[in-house]
*Asks:* 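Can you keep this structure in mind? I'll have questions shortly.
For the numbers below, each heavy atom of this structure counts, side chains included, while hydrogens, waters and symmetry mates do not. Naming convention: chains lettered A, B, ... in sequence-line order (proteins, then strands); numbering from 1 in each chain.
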Protein chains: 2
Amino acid sequence: MSKKNEFIDKLRSSGLRPTKQRLKICELLFDRDNTFHFTINDLAKNISEMLNEKISLATVYNTVHAFKYKGYLKEISINSDKSYFDTNTTNHHHFFDEDTNELIDCDEKIIETPKIKRNISGKKINSVEVLVKVATDNQNQK
Amino acid sequence: MSKKNEFIDKLRSSGLRPTKQRLKICELLFDRDNTFHFTINDLAKNISEMLNEKISLATVYNTVHAFKYKGYLKEISINSDKSYFDTNTTNHHHFFDEDTNELIDCDEKIIETPKIKRNISGKKINSVEVLVKVATDNQNQK
DNA sequence: TCAACAGTTTAGAATAATTATAATGTATAA
DNA sequence: TTATACATTATAATTATTCTAAACTGTTGA
């Protein structure tokens, strides 16, 4: 299947029509060798540069949230001032570098997924995520 | 030492003068049998009710952040729309109930702190936190 | 082909959390 | 007690996000 058809499928299965703007979003998010992290603002800026015309923030928010809902993207909360999204939707964990605000993926080879010995009764576990905050040695924690 | 003197100490060691407003914040946060979670807004509302007069949000923000910086409070990010703070500053983890938006403490007896097999070079680990998101069985993940 | 409709995009307004500002008030050290 | 440095407050500013309403576009069916 061509890349473009993949994108159209992703959009359709997320309940969205394939439009020029949305296909551009797909291209930026999914036409890559490696997964990556982004904020809505980053993404909107990149798209605007690629298209050489502005894309509305609302469109980016709507599309990203539809993908998140469908499971094509994960949202990660590190601090309250903004949301990060991750194109890596497999079970994995993160380092967060407090010096640079950089978010670094790491899989279970580096951080084992912890065992949950007892769960809240009547509830299903949706995700188990480990966040390791690091900073240079001579600094205090943010 | 009296409770009040404890509070004064906490404030002074955080670089803050003990004032009426700040002592009230201390009373609400630290004069309890059990730890708890709160948002800035909750806290400001509670203080206003207790004092029977309004406290400025700026004061609450400043004081809470000073306590956080000093390590008397922990900040927890679950979702991007607001910050939760935790008066439990020991190493522990959380369940987050996506049905009710409730945050539930749990210690290492329930969730083991995972081992970090390899760290980012030149960096110090400031914290290792596990967040388990749960919801009722018949619902999808938020 | 083309009209009609449902769904899209967009700019800009609205909202909400947080931070900054500047005037007034208060704890503290001398 | 008084001068000074720090606090509090109301309000404005900022930033992320969501909402709205008008203009636009792809698709369907006559």
*Asks:* For A:Gln21 and D:dA23, what is the distance between atoms CD and C1' respectively, to the nearest whole Å?
*Replies:*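 Taking atom C1' of D:dA23 as the reference, CD of A:Gln21 is at 13 Å.
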
*Asks:* If you count heavy atoms of other groups shown closer than 6.0 angstrom to NZ of A:Lys117, is the number above 12?
*Replies:*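 Enclosed: over 12 neighbouring heavy atoms sit under 6.0 Å from NZ of A:Lys117.
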
*Asks:* Which part of the nucleic acid does A:Asn41 contact within heavy-atom distance under 4.0 Å: base, sugar-phosphate only, or nothing?
*Replies:* sugar-phosphate

*Asks:* Is the NZ or CZ atom of B:Lys10 both under 6.0 Å from the centre of the six-membered ring of B:Phe67 and within 45° of that ring's axis?
*Replies:*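 No.
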
*Asks:* Do B:Asn126 and A:Glu98 get their side chains close enough for a donor-acceptor pair, meaning under 3.5 Å?
*Replies:* yes

*Asks:* Tell me whether A:Lys123 at atom NZ has more than 12 heavy atoms from other residues, nucleotides or ligands lying less than 6.0 Å away.
*Replies:*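 It does: A:Lys123 NZ has more than 12 such atoms within range.
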
*Asks:* Using atom NZ of A:Lys54 as one end and atom P of C:dT10 as the other, report the distance to the nearest whole Å.
*Replies:* 10 Å

*Asks:* Could you please name the option among D:dT9, C:dT18, C:dA11 that lies closest to any side-chain atom of B:Ser83?
*Replies:*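 From the listed options, C:dT18 comes nearest.
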
*Asks:* Check the distance between D:dA16's C1' and A:Tyr84's OH and give it to me in whole angstrom.
*Replies:*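 Whole-Å distance recorded here is 13 Å.
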
*Asks:* Using a cut-off of strictly less than 4.0 Å, decide whether B:His65 has a side-chain nitrogen or oxygen near OP1 or OP2 of C:dT19.
*Replies:* yes

*Asks:* Rounding to an integer number of Å, can you tell me how far B:Ile8 CD1 sits from D:dA7 P?
*Replies:*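 Answer to the nearest Å: 14 Å.
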
*Asks:* Can you tell me if the side-chain N/O atoms of A:Tyr61 get under 4.0 Å from OP1 or OP2 in D:dT18?
*Replies:*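 Answer is no, no contact under 4.0 Å.
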
*Asks:* Quick check: does any side chain N or O of A:His92 sit under 3.5 Å from a backbone N or O of A:Asp107, one acting as donor and the other as acceptor?
*Replies:* no

*Asks:* In whole angstroms, how far is the C1' atom of D:dT17 from the CG atom of A:Leu57?
*Replies:*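 Atom CG in A:Leu57 sits about 9 Å away from atom C1' in D:dT17.
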
*Asks:* For A:Thr59 and C:dT10, is the shortest distance between a side-chain N/O and OP1 or OP2 below 4.0 Å?
*Replies:* yes

*Asks:* Backbone N or O of B:Ala58 within a donor-acceptor pair of the B:Asn62 side chain at under 3.5 Å?
*Replies:* yes

*Asks:* Please give, in whole Å, the distance from D:dC6 C1' to B:Asn62 CG?
*Replies:*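 In whole Å, D:dC6 C1' lies 12 Å from B:Asn62 CG.
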
*Asks:* Rounded to whole angstrom units, what separation is found between the CG atom of A:Leu43 and the P atom of D:dA16?
*Replies:*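 Rounded to the whole Å, the gap is 15 Å.
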
*Asks:* Would you kindly say whether A:His94 and A:Asp86 are connected by a side-chain donor-acceptor distance under 3.5 Å?
*Replies:* yes

*Asks:* Could you tell me how far apart B:Phe85 (CZ) and C:dT18 (P) are, to the nearest whole angstrom?
*Replies:* 7 Å

*Asks:* Using a 4.0 Å cut-off on protein heavy atoms (strictly under), produce a 5'-to-3' string for nucleotides 21-30 of chain C with B for base contact, S for backbone-only sugar-phosphate contact, and - for none.
*Replies:* ------BS--

